[in-house]
Amino acid sequence: EAQVTQNPRYLITVTGKKLTVTCSQNMNHEYMSWYRQDPGLGLRQIYYSMNVEVTDKGDVPEGYKVSRKEKRNFPLILESPSPNQTSLYFCASSYTGGSYGYTFGSGTRLTVV
Amino acid sequence: DQQVKQNSPSLSVQEGRISILNCDYTNSMFDYFLWYKKYPAEGPTFLISISSIKDKNEDGRFTVFLNKSAKHLSLHIVPSQPGDSAVYFCAAKNQAGTALIFGKGTTLSVSS
């Protein structure tokens, strides 16, 4: 089944403790991206990757890092999480950067206390 | 400043009637628009899209209309079904092709 898999689905962590949210797709998509969804703000792009080793900032990149060492994986790294990073995170992939519909993962609900 | 706006946070319709969800955008350079549907505890799923060279696109019960002069698009669902109850996001592809810019979403409730 074609899908984007995120892990974990739920995570509660403490301020300052480094964490990684994994994202993997099995569709051989070149493009991958991370979004966060917050109440009243919709979905906002954090980082994106047009292909392996090619990443760039989205609209809200502060406090996040990403890497794209393999085509299928695009982990989101929070080096020192803070409470304002409490959010619902979605990973997405596509053959191109938006000309076709993105396929989204099921989301990761992160709470930083 | 929000480039894609969904001004109605919620919409309630009866089963069998038409649902009309609206979306406005500010950037006249946007050339591709999409609608996504999202159920609780799931990721958004692609519903329908439209290129700026068209003014209408249909897929079964779903039709998207684009009015470029007004910078407005709408999603029509006919007939509405209880399973259509979800959050609907309007999105536009940015000029660089590196992102979809989303509206805040409209929660549709279809009652039987």
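All chains are named by letter (A, B, ...) in the order of the sequence lines, taking the proteins before the strands, and each is independently numbered beginning at 1.
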Undergrad: Using a distance-only test with no angle check, is there a side-chain donor-acceptor pair under 3.5 angstrom linking Ser82(A) and Thr15(A)?
TA: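 Absent: no donor and acceptor within the cut-off.
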Undergrad: Checking Arg9(A) against chain B: side chain, backbone, both or neither under 4.5 Å from a heavy atom?
TA: side chain
Undergrad: Does some side-chain heavy atom of Thr108(A) sit less than 4.5 Å from a side-chain heavy atom of Phe90(A)?
TA: no
Undergrad: Using heavy-atom distances under 4.5 Å, tell me whether Gln37(A) contacts chain B through its side chain, its backbone, both, or neither.
TA: side chain
Undergrad: Just verifying a value: how many Å separate Ser33(A) OG and Tyr35(A) OH, rounded to the nearest 0.5 Å?
TA: 4.5 Å
Undergrad: Can you find a side-chain donor-acceptor pair between Asp24(B) and His72(B) that sits under 3.5 Å?
TA: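 Checked: Asp24(B)/His72(B) side chains pair up, N/O donor to acceptor below 3.5 Å.
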Undergrad: If you count heavy-atom pairs within less than 4.5 Å of chain B, which of Gly58(A), Gly40(A), Gly107(A) leads?
TA: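 Answer, by heavy-atom pair count under 4.5 Å with chain B: Gly40(A).
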